[in-house]
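Written out below as structure tokens is the structure these notes cover.
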Amino acid sequence: MFTVYNMLQLPIMKRAVSQTNSSFGMQTPVEWVSIIEMPVENFVRKNEVVLTAGIGCENDENKLLSFAQEVIDAEAAALIIATGRYLNVIPDNVIQFCETHDFPLIEIPWEIRFADVSHAISTALHQRERSFVEHSDKVRKELLEIILNGEGVARIASYLEKSLFMPVVITDRQGNIKTKKSKSTQDLEERWNAHLLQRGDPLYFKLEESSDNNTLPNNMHWLIIDNKEVLQLTVQSAREIQGFILLEWPEHLPEDEVFQEHTLILLEHAVTTSALCFLHDQAALETEMRLKDDFVWSLAKGKFDSKDNALSRAKSLGYNLNIPYLCVVAKPENFHYLFENDSSQDISFENWRKLIGEMMEEEVNHTGRTMYLKTMSTFQKEELIIYVELQSEKSVETAYPFIELLQYRIEQKKPNIIVSWGIAKTYGEDFFHVGFEEAYSALDIGRRQKGNGYITTYANTRFDRALLALTENEELRNITEVIIEPLQRYSLERKIDLVHTFIIYNRHKGNVSQTARELNLHRQSLLYRLRKIETLTGCSLDDSDEMFLIDLSIRLHTISVNKDKNTNHHTK
């Protein structure tokens, strides 16, 4: 920044005398110079140096005072008055007025040509601007070289640290540090991690106000961490925050130093370069995740023509298929509720769901590493498909501790989430598709039997699977339709659920009082419904065989409907 003080150091100004003791005014930036006599009107711009000979003010101190006031009101940088021709001396009241307003008032001899002064200031401004352009170009090229060499944000942080002589770390949008640990940044990293634990997601920090009221650019904020000032720069691209650059500001360095052109240029280029690095890393990560998702989904669906093909693809993605895996399927049950109550989100439901799916896959990886188990996973159609390594023949014993830890980690990231789980029975190196079908079937049956939020194993669903087999019998299907259809039609027309009434009645083993109490019905109303069930089905509720037939028909109908839904889900 070229200031009034810098201007006074020019050779042309060696005979100039500052008439005011303006320490603050001397730091005012100079952007241009003009030669003006009365009146000022609108001819003076902000941060402009005004040259005048005081023409028209020779015999009127008040006119010169008024002229000085108009120059100050125009927010000029300084007023230079030439004495010796029109003015012999600058009046005391003018000097005192400028002193009061902390405004630089400078006197030069008449012999110094205004054209020479204007030329010298303009040349200095041009040279300084040129040096900034050269500095900016140099920084841009050096940082671009970091990107071209594929060195990433760790190298950018090192570059900033050497240029600014202060500790620098770079984090992702969640606040996770992406730079290498070093002695110079160790304290900053520890304080930042402690701050993160206390304050949570850095995207929603309530920023601490600095003691300095200077306005920073929108992407810069002062944070107070452990009584130390940290300058936080937001790295953003396409309106999406990618991460943050953190600079531990030295105590001896005024906050104003951040406004120095060389510093601002360096920080702006560092932010831009970091954004490019984050985008590159994100694109590479998304490509890898997409390939892994497609691979695991293909395993689950049994789409590989040969084992050799699957092994080749697995090796390129860092997976090992030569170990036994058990399939687990998890389904978040309350996505829409969580989305509607997530005050921090400002994205579409589809994008929000995608982020939650990525979070759950990441937690699968963390859980596997914690338990020293190999894992593979993919998030498809609001369901998380997991293959977890078996280290013993007791498959379920392996699955439960894994699920419990994974459930805990997911709930830490997304409180109030409800997840249902299904665990396969078959496992091994070549049973990926079979394992998925079993785990999905266990999940589906468990949700219907127990409700949401439970763990169900395929081995414990034999009864329901037996019913599924019975649904293939054509004669049983016809009997089921004859019994169920009139009950459903009546329920639809009269808004009275006779199927549910029968289920509760059968659960209480024909006890009318207990059934009426649970359904919150008058005894006579329940008896009316029971007689209507007998009339529509042609079965007597006093006959145990016919009771069994109605119960079996309801079970077969329910499981057939869910089987059709399951089939449609798999074919989409």
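Basis for what follows: all heavy atoms, side chains included, without hydrogens, waters or symmetry-related copies. The residues of the chain are indexed from 1 along the displayed sequence. Nothing here was measured: the structure is a model prediction, and the numbers come from that model.
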Output side-chain donor-acceptor pairs under 3.5 Å for residues 152-163, partner residues at least two apart or in another chain, one line each.
from	atom 1	to	atom 2	distance (Å)
Tyr159	OH	Glu142	OE1	2.3
Glu161	OE2	Ser184	OG	2.4
Ser163	OG	Tyr159	O	2.8

Enumerate donor-acceptor pairs with a distance under 3.5 Å from any side-chain N or O in residues 78-86 to protein atoms, sequence neighbours excluded.
from	atom 1	to	atom 2	distance (Å)
Thr83	OG1	Glu107	OE2	2.7

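With sequence neighbours excluded, the residues satisfying side-chain contact (heavy atoms from CB on, under 4.5 Å) with Gln412 are Tyr408. Residues satisfying the side-chain hydrogen bond (donor to acceptor under 3.5 Å, both in side chains) test with Glu190, not counting sequence neighbours, are Gln186. In terms of the side-chain contact (heavy atoms from CB on, under 4.5 Å) criterion, residue partners of Glu362 (sequence neighbours excluded) are, by chain and number, His366. Under the rule for a side-chain hydrogen bond (donor to acceptor under 3.5 Å, both in side chains), Thr367 has no partner lying at least two apart in sequence or in another chain. Evaluation of the side-chain hydrogen bond (donor to acceptor under 3.5 Å, both in side chains) rule for Gln236 yields no partner, not counting sequence neighbours. In this structure Ser118 satisfies the side-chain hydrogen bond (donor to acceptor under 3.5 Å, both in side chains) test with no other residue, sequence neighbours excluded. Qualifying ring-ring contact (aromatic ring centres under 6.0 Å, His included) partners for Trp249, counting only residues two or more places apart in sequence or in other chains: Trp222.
Using a 4.0 Å cut-off between a side-chain N of Lys or Arg and a carboxylate O of Asp or Glu, Glu361 and Lys292 do not qualify as a salt bridge. Ionic pairing of Arg290 and Asp293 is not present here: no N-O contact between side-chain nitrogen and carboxylate oxygen is shorter than 4.0 angstrom.
Atoms CD1 and CG, from Ile146 and Leu276 in turn, are 12.0 Å apart once rounded to the nearest 0.5 Å. Note that CD of Gln96 is 11.5 Å distant from CG of Leu105, once rounded to the nearest 0.5 Å.
For the pair Lys374 and Tyr319, the cation does not sit on the ring face, since its NZ or CZ is not both under 6.0 Å from the ring centre and inside 45° of the axis.
Pairs of residues two or more places apart, or lying in two chains, that qualify as ring-ring contact (aromatic ring centres under 6.0 Å, His included) and include a residue from residues 260-287 are Phe132-His262, His135-His262. Sorted by first and then second residue, the pairs that involve residues 20-32 and meet side-chain hydrogen bond (donor to acceptor under 3.5 Å, both in side chains), not counting sequence neighbours, are Ser22-Asp102, Glu31-Asn47. Each salt bridge (charged side-chain N to carboxylate O under 4.0 Å, His left out) pair with one or both residues in residues 119-131, not counting sequence neighbours, appears once here: Arg130-Glu134.
Counting only heavy atoms from C-beta outward, the side chains of Leu8 and Met26 approach each other to under 4.5 Å.
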